[in-house]
Amino acid sequence: MDYVSIRVSTLRGDQKIDFNAYVKINDKMILYLRRGDSFEGDRLQRLKDKKLRKMYILTDEENTYRSYLQKNIEMAYDNSSNKDIQTRAEIIQGSQQSNTEEVFENPDNVESYNYCKDAAGKYVNFIMSNAQATQTIMNMENTDKNIAHHGVTVSTLSIALAQKLGINDPKKTQLLTLGALLHDYGHHNSPLNLNQPLDKMSPEDKKMWNQHPHDGAQKVHDKKHFDQTVINIIAQHEETINGAGPKGMREKEMDPLSVIVSSANAMDRLITFEGVPKTEAAKKLMIDHVGKHPLQHLQMLNDILRGV
């Protein structure tokens, strides 16, 4: 029998699956979830705890799997659906994470990039039109320190920050979100342990960390389907308005959308990779990053996290 891999991040919600899902153990396919069951609750958590990124289905059930995804996503984005915000947010977060992983793994694929871009626009509408959406997404812990999950969190904070700043232009918010999702492409397949404070990194690790925005942007700068704004965000997301970033750029030299992502990224780095509780992250950012990000951004991020 032939199998095809599927992303665990796409398996969300209480919708029953109409395909069998397998895990690969020692080159053997073991049936994990039968047709007619769902991935809600402990089943999904066990997969995340094991840091399992992919499962498998039979090749001849691929169309059935794609139909399952489409139904889930359409229901999740439908504001008139009778599903609770938690279920909808879990499905949408998983979909955004999967789209990001797909572009990371296949940056040459125009279709994958455009699909991720289109979904980024839908994500903006979901966050901006559902009062509880930001809070619900932010409460989904990134237990395996996944950089694509981190990208979804940074995009969520970026949208919320843009909304408070009065940035509502659909093109700008779409590219802001797409850039935030893909900002850490330079860390894809990197040996660097991200799960440590920047000031505790060894000189070798810090050099690698300083290089990742440049590396990520270099890998995609010649790909014509990548928007220049997205490349700017990948290249500039670690820059700070006082010139303390890897390139030494100041605010006036940065893409304005990169400044937003930089602020949002700094916040989630504290939460996801440095283990700072959400209740303390805004205060720590205010103290440790004063002068590095616009004060208005820090105050607004504090307001955003207060609601989480």
Side-chain angles (χ1 to χ4, degrees), residues 6-19 21 32-49 52 55 64-101 115-116 118-144 146 148-164 173 177 180-181 264 267-268 271-272 277-279 281 301 303-308:
I6 60 175
R7 298 180 193 282
V8 170
S9 56
T10 63
L11 305 172
R12 295 287 193 273
D14 56 0
Q15 183 175 306
K16 292 179 179 179
I17 62 173
D18 38 15
F19 51 88
Y32 183 81
L33 202 66
R34 292 182 183 278
R35 188 181 293 107
D37 288 333
S38 70
F39 276 92
E40 61 183 332
D42 293 342
R43 285 173 173 151
L44 186 60
Q45 191 57 49
R46 283 199 298 270
L47 294 176
K48 293 177 74 175
D49 290 345
L52 191 69
M55 296 185 75
T64 307
Y65 162 71
R66 295 197 180 281
S67 176
Y68 159 86
L69 284 189
Q70 195 59 36
K71 281 190 288 186
N72 251 3
I73 292 168
E74 286 176 2
M75 176 276 294
Y77 277 120
D78 183 1
N79 285 332
S80 64
S81 74
N82 60 0
K83 291 293 182 182
D84 60 275
I85 191 68
Q86 180 69 37
T87 300
R88 293 173 62 204
E90 285 178 1
I91 293 167
I92 291 170
Q93 189 280 336
S95 175
Q96 293 295 314
Q97 181 176 326
S98 173
N99 296 342
T100 303
E101 289 169 345
Y115 186 87
C116 189
D118 181 61
K122 292 177 183 175
Y123 191 59
V124 173
N125 292 334
F126 173 70
I127 294 296
M128 287 191 171
S129 63
N130 290 277
Q132 294 176 290
T134 298
Q135 175 185 352
T136 309
I137 296 285
M138 287 300 299
N139 281 326
M140 294 179 193
E141 190 177 354
N142 189 353
T143 52
D144 59 351
N146 180 291
H149 185 146
H150 166 62
V152 180
T153 307
V154 172
S155 72
T156 307
L157 289 172
S158 297
I159 297 165
L161 185 52
Q163 191 172 24
K164 283 186 173 290
T173 53
T177 303
L181 288 168
M267 178 68 84
D268 192 54
I271 296 167
T272 294
K278 294 186 188 77
T279 53
L301 284 167
D303 291 342
I304 291 163
L305 280 193
R306 200 180 291 154
V308 173

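When a residue number appears, it is its place in the shown sequence, counting from 1.
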With sequence neighbours left out, write down each residue that passes side-chain contact (heavy atoms from CB on, under 4.5 Å) with Arg34, or none if nothing qualifies.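 Checked Arg34 against side-chain contact (heavy atoms from CB on, under 4.5 Å); matches are Asn20, Leu31, Asp37.
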Where is the tightest heavy-atom contact between [X] and [Y], given as atom of each residue plus distance?
X      : Y      : answer
Glu141 : His149 : O-CE1, 3.7 Å
Ser98  : Arg7   : OG-CD, 3.1 Å
Asn142 : His150 : ND2-N, 3.5 Å
Gln96  : Ala119 : NE2-O, 3.2 Å
Thr153 : Asp268 : CG2-OD1, 3.3 Å

Please check if atom CD in Gln86 has more than 12 non-hydrogen atoms from other residues, nucleotides or ligands closer than 6.0 Å.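 Check passes, neighbour count above 12.
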Arg66 atom CZ, over 12 foreign heavy atoms within 6.0 Å: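 No - once you tally the heavy atoms of other residues, nucleotides and ligands closer than 6.0 Å, there are 12 at most.
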Short question: side chain of Ser95, backbone of Ile91 - any donor-acceptor pair under 3.5 Å?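 Here the side-chain-to-backbone pair does not exist.
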If we only count heavy atoms from C-beta on, is the Asn130 to Ile85 side-chain gap below 4.5 Å?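 Yes, their side chains come closer than 4.5 Å.
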Any heavy-atom pair between the side chains of Ile304 and Leu157 that's under 4.5 Å?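 Leu157 vs Ile304: side chains touch.
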Strictly by modelled atom types, are Tyr68 and Thr10 linked by a side-chain donor-acceptor pair under 3.5 Å?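 There is no such pair (donor and acceptor under 3.5 Å, judged by atom type) between the side chains of Tyr68 and Thr10.
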Enumerate, atom names and distances included, each donor-acceptor pair closer than 3.5 Å involving a side-chain atom of residues 120-129, sequence neighbours excluded.
unit_1 : atom_1 : unit_2 : atom_2 : d
Tyr123 : OH     : Thr156 : OG1    : 2.6
Ser129 : OG     : Asn125 : O      : 2.5

Go through the steps for Ile159 and Thr173 under the test side chain to side chain contact (heavy atoms under 4.5 Å, CB included), then give the verdict. CA-CA 7 Å; Ile159 297 165; Thr173 53; over 6 Å; no
Salt bridge (charged side-chain N to carboxylate O under 4.0 Å, His left out): pairs with one or both residues in residues 75-89, sequence neighbours excluded: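 Non-adjacent pairs meeting salt bridge (charged side-chain N to carboxylate O under 4.0 Å, His left out): Asp14-Lys83.
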Between Asp18 and Lys71, is a side chain to side chain contact (heavy atoms under 4.5 Å, CB included) present by the stated rule, with each step listed? CA-CA 12 Å; Asp18 38 15; Lys71 281 190 288 186; 4.1 Å; yes
